[in-house]
S.K.: 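Below you'll find the structure I mean.
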Number of protein chains: 2
Amino acid sequence: MPKSDGFENVTADDVAAATGVSRWTVNRAFKKDASISPKTRAKVMSAAQTLGYVPDLSAAALASTRSNLVALLVDDFTNPHKLVMMERLTRALRSRGWDTLLVNTLDREDTAPALLNASQRRVDATILIGVQFDDEVLAAAQGARRFRKLIIFARSSSNPDTISIAVDDEAATREIAQYVLGKGYQRPLYVAGPRTVSAHLLRKETFQEVWHGKFGVLPETVSVDRYDSIMAAEVAYDTLRDRPVSALPDVIVCENDALALGVIDTIRHRLQLRIPDDIAVVGFDDVPAASSPNYRLTTYRQPLTDMSNYLVDVLEGPDATNLDRKFIGRLVIRESA
Amino acid sequence: MPKSDGFENVTADDVAAATGVSRWTVNRAFKKDASISPKTRAKVMSAAQTLGYVPDLSAAALASTRSNLVALLVDDFTNPHKLVMMERLTRALRSRGWDTLLVNTLDREDTAPALLNASQRRVDATILIGVQFDDEVLAAAQGARRFRKLIIFARSSSNPDTISIAVDDEAATREIAQYVLGKGYQRPLYVAGPRTVSAHLLRKETFQEVWHGKFGVLPETVSVDRYDSIMAAEVAYDTLRDRPVSALPDVIVCENDALALGVIDTIRHRLQLRIPDDIAVVGFDDVPAASSPNYRLTTYRQPLTDMSNYLVDVLEGPDATNLDRKFIGRLVIRESA
DNA sequence: AAATATCTTGCACACGCGTGCAAAGGGTGT
DNA sequence: ACACCCTTTGCACGCGTGTGCAAGATATTT
């Protein structure tokens, strides 16, 4: 095993000694835009190469005020979209020199401790991807020492103390609603997820608003306590069982794909109905399963790559106000609606 | 935002001053089994509480030889089972005081740099969950400075320089094979994933062996280049299209669920056949989707919680040899076979 | 009560690198 | 050859904590 027998201690001093320059010059060689002559940098780098030296980011973080480390707080591992988000985020971060601390928010009460935990590692920013965020958590965040930015990813927040990087839910939902209207559906059912205080999605609200504006009535709406397919399947079944065909919705619009997949399962396997002929379904996120031949889900894809890159821009930029940004995604039309 | 205006610098010295003890006593108060009187510890803790002090793990890592930090290298975010593994691992780690650095291995060539990257943060161990591990990677690992343990999680490896924590694939596959035999299936097709050099799964081999032992012939076998449902669906279609019914397999045994889900999609939607009546399907992992009414997949569940806890045991234990361990999981029988 | 054993506390030094500034080096124009 | 400017290099000090040991305080024994 890499016991790293003693050879773990290759420090900048060693390289300096081998090269005949000072330790500071060695470290400068590894800094992106440090003032150092190309010649000595090359000399240092080759010596570092043979000695196996790499700067210790841990020590660098201690010495400076930046760590190039962010914490990623995740509370909901049941939603497959989380996996996609994590991939995109870590890809953008790592390819631009940032490391990611993955913090599993064990349960609802654990968010504040998790935040504190992250701060103990001197992270430059904390990213929340999930639903657990509310004002209580924010208070905890403010109590936590030393971290500069609190970023809410893929969720809107009007809290002035956070930076929200999200898709424009309102525009997206309008596009979805227009599509649904254009298809001539008459009796929608909206399936919403859990409601949180600070991090709104505005999807349900916008859909209701559009529908009400058009027909003067609110669409039927139910909500699920977690973004979980199994749970959504249950709620859908409880809502639709025993209904005469005429009372069934002709389209079910879901706040995201995790819900939509469960809804589809219920429609097919427990209600024995066809999609989209009997009931159409629309989702949000475009998770991988949405494109499988089993689901062929019409859904809305968030520009996660752009959002992730913007996030890194924010990290690298100065502390400014009003860094919030909304992105426009794309409606992906498949056979489910 | 928590600009942490100056109040970020609450250090052990501040607490020491406020309490009237030395800095070392303050830090001792936060150590689990340090020699300190309960009285002073309480005094210190309450002062720390009001001042908002928490030990800086970054500095602690620098000063000592341990960081309580592990790197988790992930290369394949398309397999939904990864999400489950990450949840279980981070849960076990965090609840026992370990932090996790999530490193996205961007592409095949990136594994070595990723490993190096992790070592720059002084991780105590590196965990690989994925398929990217081969001898080349191991060589890179050994070249990387300072990290004590290289753990292959959920995959067997006979490499003496690594610690492998996995399910007993051979026993598991035997159980699966016995089940398949007991059900009277005659014409199996085995769908394997990509082959790697150092981290074997032994599933395909064991299944072949059992089958050959029973009937004297090898079962038909195909392999997919990635653990990806879409790709598996393609391979299954290419393999089975245009076959007369008599030439179709009556059961398809898949190396894992990611493959099985794609196979099921192909059987149903492209071959228009029924499961399990026409073709039965068996998977491995028990991903969340396997239990959905859509799939009802018969599969093998790994004891991920036990495996994760053992992993932390290994982290906390001394550097020993032969820390490898195999776990026994459970065959979950559903309607797909 | 003295001596010893046990527990508790303090401290010098080290961990590896960043910051800001001063000194040295190299080049240009007159 | 000189003064000047710009580039490149060196350095003192600090970041916040761990380690191992020695000194001090307290408890136990005879």
Side-chain angles (χ1 to χ4, degrees), chain A residues 4 6-17 19-45 47-48 51-69 119-124 145-147, chain B residues 4 6-17 19-45 47-48 51-69 97 119-124 145-146:
Chain A
S4 336
F7 107 118
E8 59 175 319
N9 302 317
V10 203
T11 172
D13 284 308
D14 302 331
V15 181
T19 321
V21 298
S22 70
R23 172 176 73 73
W24 293 272
T25 303
V26 172
N27 285 344
R28 252 189 288 259
F30 283 88
K31 290 246 123 202
K32 186 82 177 173
D33 13 54
S35 86
I36 184 176
S37 77
K39 205 165 41 189
T40 57
R41 166 172 273 158
K43 209 167 49 180
V44 167
M45 292 307 254
L51 290 180
Y53 168 77
V54 192
D56 185 321
L57 298 181
S58 193
L62 181 59
S64 81
T65 55
R66 316 206 46 176
S67 60
N68 271 331
L69 218 207
S119 82
Q120 290 185 270
R121 294 276 178 195
R122 297 186 151 235
V123 298
D124 285 339
R145 306 178 316 167
R146 71 167 94 85
F147 71 90
Chain B
S4 336
F7 107 116
E8 58 175 321
N9 302 317
V10 203
T11 173
D13 284 308
D14 302 331
V15 181
T19 321
V21 298
S22 70
R23 171 176 74 71
W24 294 272
T25 302
V26 172
N27 285 346
R28 253 189 288 260
F30 283 87
K31 291 246 122 206
K32 186 82 178 178
D33 13 53
S35 85
I36 185 175
S37 76
K39 203 165 44 189
T40 56
R41 166 172 272 159
K43 208 167 51 179
V44 167
M45 291 308 255
L51 291 180
Y53 168 77
V54 191
D56 185 321
L57 299 181
S58 193
L62 180 60
S64 81
T65 54
R66 316 208 45 177
S67 60
N68 271 321
L69 220 206
S119 82
Q120 290 185 270
R121 294 277 178 195
R122 298 185 149 236
V123 297
D124 285 339
R145 306 178 318 167
R146 70 167 96 83

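When reading the values below, keep in mind they use all heavy atoms of this one structure, side chains included, and skip hydrogens, waters and symmetry mates. Convention: sequence-line order gives letters A, B, ...; per-chain numbering from 1. All values derive from a computational prediction rather than experimental measurement.
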S.K.: Send over the distance from Arg122(A) CZ to dC17(C) P, rounded to a whole Å.
M.R.: 16 Å

S.K.: Looking only at heavy atoms, which two atoms of Val44(B) and Ala29(B) are closest? And how far apart?
M.R.: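 Nearest heavy atoms, Val44(B) then Ala29(B): CG1-CB, 3.6 Å.
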
S.K.: So, does Ser67(B) use its side chain to make a donor-acceptor pair with the main chain of Arg122(B) at under 3.5 Å?
M.R.: yes

S.K.: Between atom CG in Asp13(A) and atom P in dC11(D), what is the gap in whole Å?
M.R.: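 In whole Å, dC11(D) P and Asp13(A) CG are 11 Å from each other.
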
S.K.: Round to a whole Å and report the spacing from NZ of Lys31(A) to P of dG16(C).
M.R.: 18 Å

S.K.: Closest-nucleotide mapping onto DNA chain C: is Ser64(B) or Ala61(A) further toward the 5' terminus? I mean the 5' end.
M.R.: Ser64(B)

S.K.: Look only at the side chain of Ser64(B) and the backbone of Arg66(B), and say whether a donor-acceptor pair between them is shorter than 3.5 Å.
M.R.: yes

S.K.: Rounding to an integer number of Å, can you tell me how far Asp124(A) CG sits from dC15(D) P?
M.R.: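 My rounded result for the distance is 18 Å.
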
S.K.: Step by step, would you call Arg121(B) with Asn68(A) a side-chain contact (heavy atoms from CB on, under 4.5 Å)?
M.R.: CA-CA 11 Å; Arg121(B) 294 277 178 195; Asn68(A) 271 331; 3.8 Å; yes

S.K.: Sugar-phosphate atoms are those with a prime plus P, OP1 and OP2; base atoms are the rest. Using that split, label each nucleotide of nucleotides 5-10 of chain C B, S or - for protein heavy atoms under 4.0 Å, 5' to 3'.
M.R.: ---BBB

S.K.: For Arg66(A) and dC17(C), what is the distance between atoms CZ and C1' respectively, to the nearest whole Å?
M.R.: 16 Å

S.K.: With a 4.0 Å limit, can you tell me whether Asn27(B) has a side-chain N or O closer than that to the phosphate oxygens OP1/OP2 of dG18(D)?
M.R.: yes

S.K.: Testing the basics here: between Arg28(A) and Arg41(A), what is the closest heavy-atom pair and its distance to 0.1 Å?
M.R.: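 Heavy atoms of Arg28(A) and Arg41(A) come nearest at O-NH2, 3.5 Å.
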
S.K.: Would the distance check show the side chain of Asn27(A) and the main-chain N or O of Trp24(A) forming a donor-acceptor pair, the cut-off being under 3.5 Å?
M.R.: no

S.K.: Give the rounded distance in Å between these two atoms: CG of Asp56(B) and P of dG16(D).
M.R.: 7 Å

